[in-house]
Amino acid sequence: MNKLNVIDKKVLFKSKEDLNFPRYFIYDANRRQVSFTKGRHGVYETHIVMQSEDGGETWFPDTEYPLRQHISTVSRLNDSSLFSWGELSLNTDMLFKRHYEVAISSNNGRTWSIEKMPLAESKMPLRPFGKLIQLEDGTLLQPAYAKAIGDEKDSQFIIAKKPDETWWRLTSKVFGPEIQEMYPEIYRETKKIHEGFEGVHEGTIERLQDGRLLCVSRTGYKDSPMVQAWSEDNGHTWTKPRPIISYGGVCPNLLQMGNGTLILVFGARYTGEKRIGGDITALLSSDGGETWSDSYNIYSGPGASYSDIVATGDDEFMVIYAESAFSLQYLPQYSAVAEYNKICLITLKTE
C-alpha cells in the first residue's frame, strides 16, 4: 500500500488577501467545519471559521465556535464530545498563573462552552499545537512546545490531563535542541549544512496499530529535517529521535488509516536548486514509521506549507491546504495575483 490516487479536488474559498493555516473537521455526514486565517502572516491575521450543512458544498460563518486563536484544532473524545483549543490558548493572568482556554461541546458543535484549565507545575509557557489523542482510561495527551529553561531553542513536550483532574501536567519531553549533538552531520548550524535549525516544535502524535505512539516534529525550515520517536508506555518515555527526510518539513500531520497505512502529510521546504515554497507532501508507511515511502507531491507552488488531514474511510482521506501569496517573498518567479489565494481540499485514496 504505497500508492496514492487523487479522487477529487475542490477550491473551497478564494480571497484577494493571503489565506493560510487551514483546519478541517467533520461533525457528521453533512456538517463540516473549516478554519483558516486571512491576511499576511504575522500577528494580526483574521481568524475565519466556516461551517457547512450539506457536506461541504456551501459554507456560512460558524457563529457558535468561540475560539479565534490563529490555528484552532477540534478533536473528538471517546464519549463523542468535542474538545478544541487554539495555538495561542495559553493565557497568563496578573498573578502569572498560566491556564489554557479550551472550548467544549457535548452536542456535536451546535453550541460550545469555554473552560479554563490550569497548567500545573511548569515554569515554561507550553504552547499546544495539533490534535490530541485520548487514552482508554480517558487521559488526554497533547503535543506542546516551549523553550526549556536555559535553552535558546524549542523543545517538543507532551502534556496530559487525567479524567479526574481539571488541570494539565507536563508528562514528557520528546525531543530538544540536543538532537544537534546526536546528529551533528545533519543539524549543526554551519554555513554549509542545514542552517535552518530552530529547535523542535509543531509536533503531531498518533496511536499506531501495534499500540505504540509515534511523534513527529518540525525542527526548522530550509534543510532541517523532521524528527520522529516512538513510545511504548503512553507517552511517558520515548525512543532516541530519528531524522525522517533529507529536506525540511513544517506542520507535520500523522494519520493511522484503517487499512494499516500510516500517512504523514507536511509542508516541504527546500533550498539549493529547489525553492522555499508552499509544497504539500505525503509519505506512507506500512510499518508504523520505521520506513517511509518515496514522497508524493500533493501541491507545489506558493503558500505557507501548512495543511490538515482527516480520514474519510479505511483507505481514503482528505488534505486541506492553502495556495497563497505567503511565500512570494521567496519566490521571485511568481507574481502576487489573486488566484494564488485559495483554500483547497483534495481527496486521496491509498492502494
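All residue numbers in this chain count up from 1 along the given sequence.
Take Phe36 and apply the ring pair (Phe, Tyr, Trp, His ring centres under 6.0 Å) test, not counting sequence neighbours, and it matches Phe13. Considering only residues two or more places apart in sequence or on other chains, Thr239 meets the side-chain hydrogen bond (donor to acceptor under 3.5 Å, both in side chains) condition with none of them. Taking Gln256 as the reference, nothing meets the side-chain hydrogen bond (donor to acceptor under 3.5 Å, both in side chains) condition, with sequence neighbours excluded. Shown here are the side-chain hydrogen bond (donor to acceptor under 3.5 Å, both in side chains) partners of Thr111, two or more places apart in sequence or in another chain: Asn107. Every residue was checked against the side-chain hydrogen bond (donor to acceptor under 3.5 Å, both in side chains) condition with Asp314, not counting sequence neighbours, and none meets it.
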* To do: Show your reasoning for whether salt bridge (Lys or Arg N to Asp or Glu O under 4.0 Å) applies to Lys131 and Asp308.
  => CA-CA 10 Å; Lys131 297 173 184 176; Asp308 194 18; 3.3 Å; yes

* Does the pair Arg31 and Glu57 meet the rule for a salt bridge (Lys or Arg N to Asp or Glu O under 4.0 Å), with working shown? -> CA-CA 10 Å; Arg31 293 180 59 233; Glu57 295 300 322; over 6 Å; no

* To do: May I have the step-by-step check of salt bridge (Lys or Arg N to Asp or Glu O under 4.0 Å) for Glu232 and Arg212, ending in yes or no?
  => CA-CA 5 Å; Glu232 296 182 352; Arg212 294 180 298 164; 5.3 Å; no

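Contact annotation: the side chain of Lys349 never approaches that of Val6 to less than 4.5 Å [non-hydrogen atoms, C-beta and beyond]. Between Val250 and Phe266 there is no side-chain heavy-atom pair separated by less than 4.5 Å. A 4.5 Å side-chain heavy-atom check between Trp292 and Gln228 finds at least one atom pair inside the cut-off. You'll find the side chain of Met50 stays beyond 4.5 Å of the side chain of Asp62, heavy atoms only.
A side-chain donor from one of Arg207 and Asn234 sits under 3.5 Å from a side-chain acceptor of the other. No hydrogens or angles considered: nothing links the side chains of Asn20 and Glu45 as a donor-acceptor pair under 3.5 Å. For the 3.5 Å distance criterion, the side chains of Ser305 and Asp279 fail to qualify, holding no donor opposite an acceptor.
The aromatic rings of Trp59 and Tyr24 lie perpendicular to each other, with more than 60° between the two planes, well past the 30° mark.
Just one of Lys173, Lys147, Arg127 meets the salt bridge (charged side-chain N to carboxylate O under 4.0 Å, His left out) condition when paired with Asp154; it is Lys147.
Judged as a salt bridge (Lys or Arg N to Asp or Glu O under 4.0 Å), the pairs with a partner in residues 159-168 (not counting sequence neighbours) are, in order, Glu165-Arg169.
Taking the ring centroids of Trp85 and Trp112, they lie at or beyond the 6.0 Å cut-off.
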